[in-house]
There are 4 protein chains.
Amino acid sequence: MLKKLSAEKQLEILEIGIAEFAEHGPAKANINVIARNSGVSVGVLYKYYENKDALFLACLRHALTALERVISEVFQSSDKMLARTEKLIRALQRSAKEQPCYHILYHEITAGSCRQYASVFAREIEEISAAAYGALITQAQAEGTLRQDMDPRMFAFFFDNLLMMLQFSYCCDYYRERFEIYCGRDALSDDDKVASELLKFFESAFTTERSQIQHQN
Amino acid sequence: MLKKLSAEKQLEILEIGIAEFAEHGPAKANINVIARNSGVSVGVLYKYYENKDALFLACLRHALTALERVISEVFQSSDKMLARTEKLIRALQRSAKEQPCYHILYHEITAGSCRQYASVFAREIEEISAAAYGALITQAQAEGTLRQDMDPRMFAFFFDNLLMMLQFSYCCDYYRERFEIYCGRDALSDDDKVASELLKFFESAFTTERSQIQHQN
Amino acid sequence: MLKKLSAEKQLEILEIGIAEFAEHGPAKANINVIARNSGVSVGVLYKYYENKDALFLACLRHALTALERVISEVFQSSDKMLARTEKLIRALQRSAKEQPCYHILYHEITAGSCRQYASVFAREIEEISAAAYGALITQAQAEGTLRQDMDPRMFAFFFDNLLMMLQFSYCCDYYRERFEIYCGRDALSDDDKVASELLKFFESAFTTERSQIQHQN
Amino acid sequence: MLKKLSAEKQLEILEIGIAEFAEHGPAKANINVIARNSGVSVGVLYKYYENKDALFLACLRHALTALERVISEVFQSSDKMLARTEKLIRALQRSAKEQPCYHILYHEITAGSCRQYASVFAREIEEISAAAYGALITQAQAEGTLRQDMDPRMFAFFFDNLLMMLQFSYCCDYYRERFEIYCGRDALSDDDKVASELLKFFESAFTTERSQIQHQN
DNA sequence: GATGAATGAGCGTTCATTCAT
DNA sequence: AATGAATGAACGCTCATTCAT
C-alpha cells in the first residue's frame with residue numbers, strides 16, 4: 001500500500017504519530033493534529049493507513065521494532081549472564097532517555113485502551129524475549145553460573161519485569177515520578193548508580209543458591 | 001461535594017465507575033453509561049462530581065484506598081522480612097483476582113491518558129509505600145537480616161517493581177497474556193508456585209551479600 | 001425508542017426530513033441541515049434515529065403511510081370499477097399537489113441510491129396495491145364489467161403503471177417537465193381534462209374485448 | 001472539450017462511467033473509481049470533463065443517444081400503429097436487458113439528485129419522442145386507425161408512460177421487484193407474454209371508440 | 001500532455017455537559 | 001433536589017478536485 005510518499009515523510013508521520021499517541025493515548029490522540037504536525041493532509045494519512053487504529057498500530061510496530069533492535073544488539077554478544085545483563089540495563093537506560101516515546105508507546109499497549117490488541121501484541125512481542133531470556137537462563141543454569149533451584153521461566157519473568165519497570169521509570173510520567181520518590185531526585189540522572197544497584201539485585205538472585213547451600217552447612 | 005446521596009448509592013456509583021473506567025480506559029469510558037448502570041441520572045453525577053475527570057479521580061481514590069488497606073493489613077504484623085513479603089505476595093494475588101478492576105484502575109494512572117495526574121498521584125500513592133518499604137528495609141539491614149551493600153531505597157524500588165508487575169499480571173489483559181507466555185498457561189492459577197518462586201527470587205537478594213563475601217574469600 | 005419528544009416535534013422532524021430527502025436525494029441530504037431546519041440539535045436526531053439511513057427510512061415510512069391512506073380511502077367505497085378509478089385519479093392528483101414531497105420520496109426509492117432497500121420496500125409497498133388491484137380486476141372480470149381476455153395481474157400492473165406515472169408527473173421535476181412537453185403547459189393545472197383523458201384510456205382497455213369480438217364478426 | 005484521447009478510450013470512460021453512475025447513483029458514484037476502472041488517471045478525466053457533474057452528463061448523453069437509436073430504428077419502418085408498437089415493445093425489452101445501465105441512467109435523471117438538470121434534459125429527450133408519438137397518433141387518427149375522441153398529446157403521454165415503466169421494470173431494482181410482485185416471478189423472462197398483454201392493453205385504447213359507439217347503439 | 005499523490009472542505013456521528021421541568 | 005432530554009463542539013473519515021512532476 002505504501003508507494004510514493006518519500007521514505008522520510010513516512011518516517012516523519014510515524015515519529016509524529018508516536019509522539020501524539022504517546023502523549024495522549026490512542027483514544028485521545030487526534031488524527032488531524034498528527035497530519036498538521038507532520039506537514040501532510042489528513043487525506044495522506046488515510047491513503048497510507050486505513051484508519052486511526054491502523055495508524056496507531058503502524059506507530060506501535062515502528063516503535064517496537066526499534067526497541068527490539070536495542071535488545072537484539074545486546075544479545076549478539078557472547079558475554080556471560082551478568083555482563084550481558086549490565087549491557088541490557090545500560091541499553092534500556094540509554095534508549096528510554098533518547099526515545100522516550102517509543103517506550104511510552106510500548107507501555108501504552110498494556111493499558112485498557114488497547115485491550116483489544118492485548119493478546120495479539122503480547123504474543124508478538126513477549127514471545128520473542130520470553131524465549132530469548134528462557135534460553136539464556138536455561139543455558140546459564142547448565143553452565144552452573146546460575147542457581148539451579150528456580151524455575152527458569154519464572155526467573156526470566158521476574159527478570160524481565162524488572163527491566164520493563166526500569167525502562168518505564170525513565171519515560172512514563174507516573175513511573176518517573178515514582179522512581180524519584182523511591183530513589184531520590186538524582187536517580188533519573190545517575191544511571192551508573194541505578195545500573196549497579198539493579199545489577200547487584202540480579203547478581204544475588206543469579207548466584208545465591210550455591211552460597212545458601214554453603215551457608216546452610 | 002454535596003452530601004445527600006445515600007452512602008450506598010455513592011458507593012455503587014464508584015463501583016460502577018471503576019468497572020467502566022477499568023474496562024474502557026478513562027478516555028473511552030462513558031459517563032452516561034455509568035449513570036445508567038448506577039441507576040442514577042447524569043444530573044446527579046454532575047451534582048457530585050464536577051466533570052468526568054473528577055468522577056474518574058474519585059473512582060481512582062476509592063480503588064486505591066481499598067488497595068492500600070490490603071497492603072497496610074500486611075504491615076500490621078510484626079513478621080520478619082521474608083514472612084511479611086510472602087504475606088504481601090499472597091495478599092496481592094488474592095486482591096488482584098477478587099477485585100481486578102481496582103488494580104486495573106491503578107495501572108491506568110500510569111498510562112498516557114492520565115498524564116496530567118501523574119505527579120499528583122504518584123506522590124499520593126507511592127510516597128506511602130516507598131516510606132513503608134524503605135523503613136522496613138533499613139530496619140532489616142540494621143538487624144542484619146538483609147544484605148548491607150545495597151541502597152535501601154533502590155532495593156525498595158526493585159522490590160515494589162516486582163510486586164506491581166505481579167499484581168498487574170493477574171488482571172491487566174496484556175500483562176496476563178505475557179504472564180502466561182513467560183510462565184505457562186497454569187501460572188495464573190498456581191498461586192503457590194508463583195508465590196514461592198518470587199519469594200526465592202527475593203530471598204536471595206535479601207541475603208546474598210554475606211555469602212558472596214564468603215564466596216569471594 | 002421514541003419517548004419524550006413532543007408528537008409535533010417528531011412530526012416536524014419527519015416533515016423537514018421528507019423535504020430535505022426529497023429535494024436532494026438520500027445521499028446528498030444533510031443531517032445537520034435537517035436538524036437546523038427542524039429547530040433541534042443533531043443530538044436529538046441521533047437519539048431518535050440510529051443514523052442517517054434510519055431517519056431516511058422513517059421519513060419514507062411516514063410518507064408512504066400517508067399515501068396508503070389516500071389510496072385506501074378510495075378503496076373503502078363500493079363503487080364500480082370506472083367510478084373507483086376516477087376517484088383514484090382525482091385523489092392522486094390532489095395528493096400529489098398538496099404533498100408533493102411525499103410522492104417524490106416514494107419515487108426516490110426507485111432510484112439507484114436506494115438500491116439496497118429496493119426489494120424490501122417493493123414487497124412492503126407494492127404487494128398491498130398489487131393484491132388490491134388484482135382482486136378488484138378479477139372481480140370486475142367475474143361481473144363482466146371488464147374484458148376477459150387479459151391476464152388480470154398484468155392488467156393491474158399496467159393500470160398501476162399509469163397511476164404511478166401520473167402522480168410523479170405532478171411533483172417530480174423531470175416528470176413534470178415531461179408532462180408539460182407532452183400535454184402542454186396547462187396540463188398541470190387542468191386536472192379535469194387529464195382525469196377524463198386518462199379515464200377514457202382506461203375505459204377502453206376495460207371494455208374492449210366484447211366489442212372487438214363483435215367487431216371481428 | 002479537447003480531442004486527444006483515442007476514441008476507444010473516450011468510449012470506455014463513458015461505458016465505465018455509465019456503469020458506476022447507474023450502480024451507485026450520481027451522488028455516490030466515485031470519480032476515482034471510474035478513472036481506475038477505465039485505466040486512465042483522474043487528471044485525464046478532469047481534462048476532458050470539467051467536474052463530476054460534466055462527466056455524469058456526458059455519460060447520460062451517451063446512454064440516451066443509444067436509447068434514441070433504438071427507438072428511431074423502429075420509427076424508420078412504415079408499419080401500422082399496432083405493428084410499430086409491438087416492435088417498440090420488443091426493442092425496449094431487448095435493450096433493457098442488453099444494456100440495463102443505459103436505462104437505469106435514464107431513470108436516474110428523474111430522481112431528486114438530478115433535479116438541477118430536470119428541465120434541460122426533459123426538453124432534450126422528451127421533446128423528440130413527444131413529437132414523434134404525437135405525429136404518429138395524429139396521423140393514425142387521420143387514417144381512422146385510432147380512436148378520434150382522445151387528445152392525441154395526452155394519448156401519446158399515456159402511451160409513453162407505459163413504455164417507460166416497461167423499460168424500467170426490466171432493469172431498475174425496485175421496478176423489477178415490483179414487476180415480479182404484480183406479474184409473477186416468470187414475467188421477467190416471458191417477454192412474449194408481456195409484449196402481447198401490453199399490446200392488448202394498447203390495442204383496446206387505440207380502437208375502442210368506434211366499437212363503443214357500436215356498443216352504445 | 002499525462003499522472004496520481006496530495007489536498008482539505010464537508011459531513012456523519014459521539015458524548016460530555018447543561019438546564020428546563 | 002433529581003431528572004434525562006437536549007445541546008453542539010469536536011473528531012474520524014471521504015472523495016471531488018488540484019497541481020507538481
Requested in this report: Measure across D/Asp173 and C/Ala118 and return the closest heavy-atom pair with its distance rounded to 0.1 Å.
Outcome: CB-CB, 3.7 Å
Requested in this report: Nearest whole angstrom, please: distance from the C1' of F/dA16 to the CZ of D/Phe56.
Outcome: 16 Å
Query raised in the report: Expressed in angstrom and rounded to an integer, what is the separation of C/Tyr48 atom OH from E/dT13 atom C1'?
Result: 18 Å
Query raised in the report: At their closest point, which heavy atom of B/Asn51 faces which heavy atom of B/Tyr46, and how far apart are they?
Result: CA-CE2, 3.8 Å
Query raised in the report: Can you check the A/Leu45 CG to F/dT14 C1' distance for me, whole Å?
Result: 14 Å
Report task. Grab the CD-C1' distance between B/Glu20 and E/dC15 for me, whole Å please. Result -> 12 Å
Query raised in the report: How far apart are the closest heavy atoms of B/Cys114 and B/Ile109, and which atoms are they?
Result: CB-O, 3.6 Å
Query raised in the report: Would you say a side-chain N or O of D/Lys47 is under 4.0 Å from OP1 or OP2 of E/dG1?
Result: yes
Query raised in the report: Should the pair C/Glu124-C/Arg61 be classified as a salt bridge under the 4.0 Å nitrogen-to-oxygen rule?
Result: yes
Query raised in the report: B/Lys52 has a side chain; which of F/dA2, E/dT17, F/dA6 sits nearest to it?
Result: E/dT17
Query raised in the report: Of D/Tyr102, D/Phe21, D/Tyr49, which is the lone residue that meets side-chain contact (heavy atoms from CB on, under 4.5 Å) with D/Cys59?
Result: D/Phe21
Report task. Provide, to the nearest angstrom, the distance between the NZ atom belonging to C/Lys9 and the C1' atom belonging to F/dT7. Result -> 14 Å
Query raised in the report: Quick one: is D/Ser41 getting a side-chain N or O under 4.0 Å of the E/dG4 phosphate, OP1 or OP2?
Result: no
Requested in this report: Starting at atom CG of D/Asn51, determine the distance to atom C1' of F/dC19, rounded to an integer number of angstrom.
Outcome: 17 Å
Query raised in the report: Looking only at heavy atoms, which two atoms of A/Glu20 and A/Asn30 are closest? And how far apart?
Result: OE2-N, 3.0 Å
Query raised in the report: Is a side-chain donor or acceptor of B/Lys52 paired with a backbone partner of B/Ala29 at a separation under 3.5 angstrom?
Result: yes
Requested in this report: Measure the distance from CG on B/Leu55 to P on E/dA16 and round it to the nearest whole Å.
Outcome: 10 Å
Requested in this report: Answer yes if the ring centres of B/Phe168 and B/Tyr174 are under 6.0 angstrom apart, and no otherwise.
Outcome: no
Requested in this report: For A/Gly39 and for C/Gly43, locate the closest nucleotide of DNA chain E by heavy-atom distance; then report the residue assigned to the nucleotide nearer the 5' terminus.
Outcome: A/Gly39
**Report entry** For DNA chain F, the residues among residues 26-38 of chain D that have a non-hydrogen atom under 4.0 Å from it
**Finding:** D/Ala29, D/Asn30, D/Ile31, D/Asn32
Query raised in the report: Does OP1 or OP2 of E/dT13 have a side-chain N or O of C/Tyr49 closer than 4.0 Å?
Result: no
Query raised in the report: Regarding D/His103 and D/Gln99, is there a side-chain donor-to-acceptor distance under 3.5 Å anywhere?
Result: no
Requested in this report: For C/Glu50 and E/dG12, give me the distance from atom CD to atom P, rounded to whole Å.
Outcome: 15 Å
Query - Phosphate OP1/OP2 of E/dT13 contacted by C/Tyr46 side-chain N/O (<4.0 Å) - result: yes
Report summary line: Closest non-hydrogen atoms of B/Ile13 and B/Ser38, given as atom of the first, atom of the second and distance, are CA-OG, 3.7 Å
Report summary line: Stems field, DNA chain F, Watson-Crick or wobble, 3.5 Å, at least 3 pairs, by first number, holds E:2-21 with F:2-21
Query - Position toward the 5' end of DNA chain F (nearest nucleotide), C/Val42 or A/Asp53 - result: C/Val42
